[in-house]
Amino acid sequence: MTAHEPPALPLRFGYGTNGLTDLRLDDALGLLADLGYDGVGLTLDHMHLDPLAPDLAARTRHVARRLDELGLGVTVETGARYVLDPRRKHGPSLLDPDPDDRARRVGLLVRAVRVAADLGAHAVHCFSGTVPDATDEDTAWKRLTDAFEPVLDAASEAGVPLAVEPEPGHLLATLADFHHLRRALGDPEPLGLTLDIGHCQCLEPLAPADCVREAAPWLRHVQIEDMRRGVHEHLPFGDGEIDFPPVLAALAATGYRGLTVVELPRHSHAGPRFAAHSLPYLRRAARLAAERTPGTPPVPAPGDPSATPEGSSTP
């Protein structure tokens, strides 16, 4: 760090409720607060603040009070697998041939923006969806940009950024695809990026730390887990190939102040154990990053020092 560069800011870690689906939402939030997390990535789903069930406004007020009592920040995530269609994973999407189906997804995202505003969330996460059979890419991009316009209008009105996630296998799969969307929409102010660190390891040409630096101006939300090159499988920390201290150093240096949320949706069967493992691991990695970066504020010691970023320590 030079004399003219501001000091890096400490990171704020959260855990995704899509990795705690066997817990009631109140219990999941209490667990994360007890473990020392700074916040939560709240996936709107049938078991956690169902966006389609009655009395959403009253239920949202209850969750807002609970978050405030526990001192937890929040990002609203919209990756529930079957919240709109019990037979199609992540269906319908913004790319569906049926305009009524696309409208259902748009309606969910607009509702998520309103929930996020009521919760004081720092962003709403979303993704494009996969390209349907017999649909060419030009048509898919046209559907996506058209579908995003009312969602961005809602985000602008609510003052909550929309953070689009590049997702392996989707139309919008890479950082380059995000920039394609951004330019196609005219670079609207509410449009930002969800960067999944594991996805960077999986398929981006740049190393994860370089992805963070490249994405910094548009970064509105971060998801994190371990992963291997070329394999889209969310892994507990230490079970993949990512060197986390350089990633966290790069992230802290950007000045990003949103949540960095652990994303282990296929580990809900042991969610409390993985949540307990993940935070000490990340704090240890952040301390190592700070030790290698002069001028970085110290990171508090974790409650469980046994989890380290070197080697596997999966529970």
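Just so it is clear, the structure is predicted and the values come from calculations on it, not from any experiment.
- In this structure, the side chain of Ser156 does not engage the main chain of Leu152 through any donor-acceptor pair within 3.5 Å.
- A distance-only check finds a donor-acceptor pair linking the side chain of Arg257 to the backbone of Pro10 [under 3.5 Å].
- The aromatic rings of Phe178 and Trp218 sit perpendicular, their planes meeting at an angle over 60°, well past the 30° parallel limit.
- Val151 is listed as a side-chain neighbour of Val106, based on a closest heavy-atom distance under 4.5 Å.
- Between the Thr78 side chain and the His125 main chain, a donor and an acceptor come within less than 3.5 Å of each other.
- Residues Phe127 and Ser93 are not in side-chain contact: their nearest non-hydrogen atoms beyond the backbone lie 4.5 Å or more apart.
- The two residues Leu279 and Leu35 come nearest to each other via the heavy atoms CD2-O, 3.3 Å.
- Cluster annotation: Val261 and Met227 are assigned to distinct hydrophobic clusters (Ile/Leu/Val/Met/Phe/Trp/Tyr, side-chain heavy-atom contacts under 4.5 Å, transitive).
- Summarising the geometry of Tyr281 relative to Gly238, their closest heavy-atom pair is OH-N, 3.7 Å, with the distance given to 0.1 Å.
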Tabulate below the donor-acceptor pairs under 3.5 Å that side-chain atoms of residues 203-214 make, not counting sequence neighbours, or state none.
{"from": "Glu204", "atom 1": "OE2", "to": "Leu175", "atom 2": "N", "distance (Å)": "2.8"}
{"from": "Asp210", "atom 1": "OD1", "to": "Arg213", "atom 2": "NH2", "distance (Å)": "2.7"}
{"from": "Glu214", "atom 1": "OE2", "to": "His179", "atom 2": "NE2", "distance (Å)": "3.1"}

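- Applying the salt bridge (Lys or Arg N to Asp or Glu O under 4.0 Å) test to every pair with at least one member in residues 142-164, sequence neighbours left out, gives these pairs: Lys142-Asp146.
- By the 4.5 Å heavy-atom criterion applied to side chains, Leu42 and His48 are counted as neighbours.
- Cluster annotation: Val83 and Leu109 are assigned to distinct hydrophobic clusters (Ile/Leu/Val/Met/Phe/Trp/Tyr, side-chain heavy-atom contacts under 4.5 Å, transitive).
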Please list every donor-acceptor pair under 3.5 Å in which a side-chain atom of residues 190-200 meets a protein atom from a residue at least two apart or in another chain.
{"from": "Thr194", "atom 1": "OG1", "to": "Ala163", "atom 2": "O", "distance (Å)": "2.9"}
{"from": "Asp196", "atom 1": "OD1", "to": "Gly198", "atom 2": "N", "distance (Å)": "2.9"}
{"from": "Asp196", "atom 1": "OD1", "to": "His199", "atom 2": "N", "distance (Å)": "3.1"}
{"from": "His199", "atom 1": "ND1", "to": "Glu165", "atom 2": "OE2", "distance (Å)": "3.3"}
{"from": "His199", "atom 1": "ND1", "to": "Pro166", "atom 2": "O", "distance (Å)": "3.1"}
{"from": "His199", "atom 1": "NE2", "to": "His232", "atom 2": "NE2", "distance (Å)": "3.1"}
{"from": "His199", "atom 1": "NE2", "to": "His234", "atom 2": "NE2", "distance (Å)": "3.4"}

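- Across all their heavy atoms, Pro280 and His277 have their closest contact at CD-O, 3.4 Å.
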Going through the checks in order, is the side-chain contact (heavy atoms from CB on, under 4.5 Å) test met by Arg183 and Asp187?
CA-CA 5 Å; Arg183 289 189 292 268; Asp187 205 12; over 6 Å; no
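- One distance of note links OG1 of Thr139 with CG of Leu144; it measures 12.5 Å at 0.5 Å rounding.
- By the ring pair (Phe, Tyr, Trp, His ring centres under 6.0 Å) test, Tyr15 is found to be paired with Tyr37, residues two or more places apart in sequence or in another chain being considered.
- The CG atom of Leu11 sits 9.5 Å away from the CG atom of Asp38 when rounded to the nearest 0.5 Å.
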Carefully, step by step, assess Arg182 and Asp177 under the rule salt bridge (charged side-chain N to carboxylate O under 4.0 Å, His left out).
CA-CA 9 Å; Arg182 181 174 60 81; Asp177 294 332; over 6 Å; no
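- The side-chain heavy atoms of Glu77 and Gln223, taken from C-beta on, include a pair separated by under 4.5 Å.
- Contact of the Leu20 side chain with the Leu32 side chain is registered, since non-hydrogen atoms from C-beta on lie closer than 4.5 Å.
- Under the salt bridge (Lys or Arg N to Asp or Glu O under 4.0 Å) criterion, the residue pairs touching residues 102-111 are Asp101-Arg104, with sequence neighbours excluded.
- One finds the CG atom of Leu282 at 8.5 Å from the OG1 atom of Thr260 (value rounded to the nearest 0.5 Å).
- A donor-acceptor distance shorter than 3.5 angstrom exists from the side chain of Thr254 to the backbone of Tyr256, with no hydrogens or angles considered.
- Checked by atom type and distance alone, the side chain of Thr130 never pairs as donor or acceptor with a backbone atom of His170 at under 3.5 Å.
- Under a hydrophobic clustering in which Ile, Leu, Val, Met, Phe, Trp and Tyr are joined whenever their side-chain heavy atoms come within less than 4.5 Å, directly or via other members, Met47 and Leu29 fall into different clusters.
- Between the side chain of Arg88 and the main chain of Arg81, no donor-acceptor pair closer than 3.5 Å is present.
- Across all their heavy atoms, Leu23 and Ala28 have their closest contact at CD2-CA, 3.8 Å.
- For Gly91 against Asp85, the heavy-atom pair with the smallest separation is O-CB, 3.3 Å.
- In this structure, Thr145 contributes its side chain and Trp141 its backbone to a donor-acceptor pair below 3.5 Å.
- When hydrophobic clusters are built by joining Ile, Leu, Val, Met, Phe, Trp and Tyr residues whose side-chain heavy atoms come closer than 4.5 Å, directly or via intermediates, Leu56 is grouped together with Val124.
- Taking 4.5 Å as the limit, every side-chain heavy atom of Pro236 sits out of range of all side-chain heavy atoms of Asp226.
- Judged by distance alone, the side chain of Ser128 and the main-chain N or O of Leu172 form a donor-acceptor pair under 3.5 Å.
- Screening Arg228, Arg229, Glu241, Glu225 for a side chain to side chain donor-acceptor pair (under 3.5 Å) with Gln201, the sole residue that qualifies is Glu241.
- Atom CG in Leu44 sits 8.0 Å away from atom OG1 in Thr17 (nearest 0.5 Å).
- In this structure, the separation between OG1 on Thr21 and CG on Asp45 is 8.0 Å, given to the nearest 0.5 Å.
- Taken together through direct or relayed side-chain contacts under 4.5 Å among Ile, Leu, Val, Met, Phe, Trp and Tyr, Leu259 and Val262 form parts of separate hydrophobic clusters.
- Side chains of Pro51 and Val115 form no contact here, defined as non-hydrogen atoms less than 4.5 Å apart.
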Result block: side-chain N/O donor-acceptor pairs under 3.5 angstrom for residues 64-75, not counting sequence neighbours:
{"from": "Arg66", "atom 1": "NH2", "to": "Asp26", "atom 2": "O", "distance (Å)": "3.1"}
{"from": "Thr75", "atom 1": "OG1", "to": "His122", "atom 2": "NE2", "distance (Å)": "2.6"}
{"from": "Thr75", "atom 1": "OG1", "to": "His221", "atom 2": "ND1", "distance (Å)": "3.4"}

Run the side-chain contact (heavy atoms from CB on, under 4.5 Å) check on Ser268 and Phe274 step by step: do they pass?
CA-CA 9 Å; Ser268 280; Phe274 284 102; over 6 Å; no
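- Residues Ile224 and Glu263 are not in side-chain contact: their nearest non-hydrogen atoms beyond the backbone lie 4.5 Å or more apart.
- Nearest heavy atom pair, residue Ala289 against residue Pro245, reads CB-O, 3.2 Å.
- The main-chain N or O of Asp98 is never found under 3.5 Å from a side-chain atom of Asp96 such that the two would form a donor-acceptor pair.
- Atom CD of Glu233 is separated from atom CG of Asp239 by 9.0 Å, given to the nearest 0.5 angstrom.
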